[in-house]
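Just below is one structure, and these are the notes that go with it.
Side chains are part of it too, since the values below use all heavy atoms of this structure and drop only hydrogens, waters and symmetry mates.
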Amino acid sequence: VHGDMELHNIAVAPAPAEAVLIDFELARERAELDGAAWDKMVRADFTELLKEAVFLQCALGRQPGPLADMAMERIGELF
């Protein structure tokens with residue numbers, strides 16, 4: 001897990017569009033954490049990215065793909 005997934009740690013490449021993670025000083029490997037701690041950190045890492053995915057879908061309309069789907073599934077807990 002990244003451990004510090006905030007917008008300032010995500011660089012966006014425009015073509016092809018992709019998010020590139022940077023700043024891994026708080027990252028942890030799966031073997032370092034128990035299952036519950038790992039799941040909690042993974043879920044937390046997605047929060048900021050999913051918020052942005054929701055905002056983009058508000059502007060662009062519903063988008064296809066796993067990240068877009070996850071954002072819409074978790075919208076109630078994101079805001």
Side-chain angles (χ1 to χ4, degrees):
V1 284
H2 187 275
D4 188 24
M5 183 65 73
E6 295 185 12
L7 291 181
H8 62 271
N9 289 329
I10 303 170
V12 178
E18 68 176 321
V20 180
L21 306 180
I22 58 174
D23 189 9
F24 290 90
E25 64 190 29
L26 298 177
R28 298 289 176 265
E29 293 188 24
R30 188 176 199 130
E32 296 177 44
L33 303 167
D34 64 40
W38 175 263
D39 291 343
K40 182 178 178 180
M41 287 188 75
V42 168
R43 193 165 190 84
D45 268 356
F46 272 102
T47 299
E48 290 299 320
L49 188 59
L50 293 176
K51 285 181 182 178
E52 293 303 313
V54 169
F55 294 145
L56 285 170
Q57 291 185 82
C58 288
L60 301 174
R62 188 75 164 88
Q63 299 294 303
L67 186 65
D69 293 341
M70 185 187 305
M72 298 314 289
E73 289 167 7
R74 289 184 49 191
I75 195 168
E77 66 188 71
L78 295 172
F79 302 98

Salt bridge (Lys or Arg N to Asp or Glu O under 4.0 Å) pairs touching residues 53-69, sequence neighbours excluded, are R62-D69
Shared ILVMFWY cluster between F79 and L50, side chains joined below 4.5 angstrom? yes
Side chain to side chain donor-acceptor pair (under 3.5 Å) pairs touching residues 31-41, sequence neighbours excluded, are none
Does the side chain of I10 come within less than 4.5 Å of V20's, by heavy atoms?
no
Cluster overlap I75 with L56, hydrophobic side-chain contacts below 4.5 Å: no
Test your reading of the model: is there a side-chain donor-acceptor pair from Q57 to the backbone of Q63, 3.5 Å cut-off? yes
Query raised in the report: Do the side chains of L33 and L26 join up, straight or via other hydrophobic residues, at under 4.5 Å, putting them in one cluster?
Result: no
Is the backbone N or O of M72 less than 3.5 Å from a side-chain atom of R74, with the two atoms forming a donor-acceptor pair by type?
no
Residues 1-21 vs side chain to side chain donor-acceptor pair (under 3.5 Å), sequence neighbours excluded, gives D4-N9
Separation between CE (M5) and CG (L21), nearest 0.5 Å, reads 4.0 Å
Between the CG atom in L67 and the CG atom in L49, the distance rounded to the nearest 0.5 Å is 5.0 Å
In terms of heavy-atom contacts, E25 and R28 come closest through O-NH1, 4.2 Å
Check whether any side-chain N or O of D45 sits under 3.5 Å from a backbone N or O of V1 as a donor-acceptor pair, and report yes or no.
-> no
Rounded to the nearest 0.5 Å, the NZ atom of K51 sits from the CG atom of L7 at a distance of 9.0 Å
**Flag if over 12 foreign heavy atoms under 6.0 Å of CD, E77** = yes
The reported gap from CZ in F55 to CG in L60 (rounded to nearest 0.5 angstrom) is 13.5 Å
